[in-house]
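Notes to accompany the following structure.
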Amino acid sequence: MHIIEEISSLLKLVNTIHPQRVGELVTNGSIKLLVENNQLAEITTNHVFLCGHDITNKLFAKSDKLDKKIKLEELAIFFSRTSDSFLRLNHIGISYAVADINSEVSLIKSFLLNTYFNLYEEPSGDPNTKWLFVGDTANWESSLFEIVLTEDINNSENLWRPHFQIDIDTKLKQGELENHLIDCFGKDFIQWKLNIPGYGIVLEMGMLGSVQGTKIYLGVGTNTRNTQFHREKILQKLQ
């Protein structure tokens, strides 16, 4: 199956959890991520668009690798078990390698000219990596589109690149979340935890599968994740 078809299937599943809480994700024909009725992203049959610009090629791995079956059924079970704890779609996003980060940032900025949206950066702590978010933080609960750039064109594919990510906020305690993830996806599913020293684990992430080297990841926030603080204090608007 085409990677975009897999992404579409997963996003349609996200939209069944609590439609009133994922009101920005419209799955009528193509899948559109709307913010205040402005189209932030769109996934069609074979393409992904950001603010009307085709970014599909950013998702494709350059080598032909074996597929890893997408855990669609397992995700459906996870959502059914945790639907009462679901808060919102935090963001969808992509990660890929580039030859020059500054040039890529300039390209992304050009996508946003004359649109409703802004470009924000979260400090990554690594000069060769940028964590960028496209959207509008005026309403902190609105979903964003994340772009993780790594300046490493000679090693453009690894565990994390290229990938598409779905990230949700929940009310689950970290132990509860981890138990659900392991029960639904297996003990080896969790590949990364965002552990803030002195505060705790706010996010756990694992791979749902891959298509010819392009990975799809699921990130799930715990009840200690403070999305409002992230939007209002951590993200910095880029001019």
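Below, each value reflects all heavy atoms present in this structure, side chains not excepted, and no hydrogens, waters or symmetry copies. In this text, all values refer to a predicted model and were calculated from it rather than measured experimentally.
When every heavy atom of Asn118 is checked against every heavy atom of Leu112, the shortest pair comes out as C-CD1, 3.7 Å. Nearest heavy atoms, Leu235 versus Glu122: CD2-CB, 3.8 Å. Of all heavy-atom pairs spanning Trp160 and Ser95, the tightest one is O-OG, 3.7 Å.
Look at Arg225 and Asp167 and you find a salt bridge, because one of the NZ, NE, NH1 or NH2 atoms lies within 4.0 Å of a carboxylate O, short of that distance. Ion pairing between a basic and an acidic side chain is recognised when a charged N comes within 4.0 Å of a carboxylate O; Arg161 and Asp152 show such pairing.
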Phe117 and Leu50: CA distance, side-chain angles, deciding distance, side-chain contact (heavy atoms from CB on, under 4.5 Å) verdict: CA-CA 11 Å; Phe117 302 109; Leu50 174 63; over 6 Å; no
Side chain to side chain donor-acceptor pair (under 3.5 Å) between Ser124 and Asp126, worked out: CA-CA 5 Å; Ser124 70; Asp126 182 350; 5.7 Å; no
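Ring-plane geometry between His47 and Phe49 is classed as tilted, the angle between the planes lying from 30 to 60 degrees on a 0 to 90 degree scale.
Between Gln228 and Arg231 there is no side-chain heavy-atom pair separated by less than 4.5 Å. At a threshold of 4.5 Å between non-hydrogen side-chain atoms, the residues Ile147 and Ile108 count as touching. A 4.5 Å side-chain heavy-atom check between Asn15 and Ile17 finds every atom pair outside the cut-off. Counting only heavy atoms from C-beta outward, the side chains of Asp54 and Val48 never approach each other to under 4.5 Å.
Among Thr170, Val220, Thr82, the single residue meeting the side chain to side chain contact (heavy atoms under 4.5 Å, CB included) criterion with His180 is Thr82.
Residues Gln39 and Tyr116 bring no donor and acceptor atom of their side chains to less than 3.5 Å of each other.
For Phe145 and His91, the distance between ring centers is not under 6.0 angstrom.
For residues 193-206, the pairs satisfying side chain to side chain donor-acceptor pair (under 3.5 Å) are Gln174-Glu204, Glu178-Lys193, with sequence neighbours left out.
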